[in-house]
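Quick notes on the structure that follows.
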2 protein chains.
Amino acid sequence: MGISKADIFSREDNLLARFAKALGHPARIAILRLLAQRQACICGDIVEEIPLAQSTISQHLKELKTAGLIKGEIEGAKVCYCIDEEAWEVAKAALGTFLDSNTGCGANCC
Amino acid sequence: MGISKADIFSREDNLLARFAKALGHPARIAILRLLAQRQACICGDIVEEIPLAQSTISQHLKELKTAGLIKGEIEGAKVCYCIDEEAWEVAKAALGTFLDSNTGCGANCC
DNA sequence: AATAATTATCGTATCTTTACGATCAAATAA
DNA sequence: TTATTTGATCGTAAAGATACGATAATTATT
């Protein structure tokens, strides 16, 4: 991200940006869609569905996990990933509120 | 974005990612908040409010414009920016639908 | 006309992201 | 035990993002 200046922004704005950034790649959107549509959260299934290298998928999963949107559980040699519903609700509320609040600029400007 | 493989994802996923990416920086969140809260969309006002260099703000404005979330109108020497309400509604609907659809993973996984 | 104000763009340095192959660690199978 | 599967991590290359100062272009002011 180049030189970062996150400290000059509000906590809320940083939170929103962090969630949005996690959603800011089509591969991660596709992964989240998979996690929601099927109950099959096995990492290998994701790798099979999305034409990216296994290491790349693993990297995207890590970012989603870091952002708090998903969580993984070891099941033997495999790993089961799923959406972290609690954090998901937080993200949904934060983004939803933000998107809703920014209406009504009206016709008096621009 | 490093090497890009946007072509392997659906149009919808790319659209979502593009909007989310535009929101993926606290400075841009702060700018959008300003554009919504006041009617003052003058570029100079934004530069005064946010402690970043003028060129940096201009760059963020350009990205928001490229993403389609805002539009600018020249007013003499100044430029008036405001939220593009039409595109905003599209983004809100797309993100909203996505965020809403991804619930109900349930307790049977993870 | 000359100066000042306003904003975009250029050039640049630095850090981050994306993607891949290779490798490692842990669990399972042979 | 040895081999295989599974997924994370390392190393790395290429591209993008972030930030700044300097400069250019346009309009407004003097």
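Note on naming: letters A, B, ... go to the chains in the order of the sequence lines (proteins, then strands), and numbering restarts at 1 for each one.
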Which part of the nucleic acid, if any, lies within contact of B:Ile74, taking any heavy atom under 4.0 Å across all strands shown: a base, the sugar-phosphate backbone alone, or nothing? nothing
Between D:dC20, C:dT6, C:dA8, which nucleotide gets closest to the side-chain atoms of B:Gln54? C:dA8
Are A:Arg38 and A:Glu49 within salt-bridge range, i.e. N to O under 4.0 Å? yes
For A:Asp45 and D:dT5, what is the distance between atoms CG and P respectively, to the nearest whole Å? 16 Å
Once the angle between the rings of A:Phe9 and B:His25 is folded into 0 to 90°, is it parallel (under 30°), tilted (30 to 60°) or perpendicular (over 60°)? perpendicular
Looking only at side-chain N and O atoms, does A:Lys21 come under 4.0 Å of OP1 or OP2 in C:dT17? yes
Could you tell me how far apart A:Lys71 (NZ) and D:dA8 (P) are, to the nearest whole angstrom? 17 Å
For the CD1 atom on A:Ile8, are there more than 12 heavy atoms of other groups (residues, nucleotides or ligands in this structure) within a distance under 6.0 Å? yes
Whole-Å distance separating the CD atom of A:Glu75 from the C1' atom of C:dT28: 14 Å
Below 4.0 angstrom, N of the basic side chain to O of the carboxylate: do B:Lys78 and B:Glu73 qualify? no
Atom pair distance, as rounded to whole Å: CG in A:Leu52 and P in C:dT17: 17 Å
To the nearest angstrom, the CD1-P distance between A:Ile50 and C:dT18 comes to 14 Å
Quick one: list whatever passes salt bridge (charged side-chain N to carboxylate O under 4.0 Å, His left out) with B:Asp84, sequence neighbours left out. none
Residues of residues 56-66 of chain A with any non-hydrogen atom less than 4.0 angstrom from an atom of DNA chain C: list those, numerically ordered, please. A:Thr56, A:Gln59, A:His60, A:Glu63
Selected nucleotide, minimal atom distance to B:Lys78 side chain, candidates C:dT18, C:dT6, C:dC20: C:dT6
Which one, D:dA8, D:dA28, C:dA8, comes nearest to the side chain of B:Ala77? D:dA28
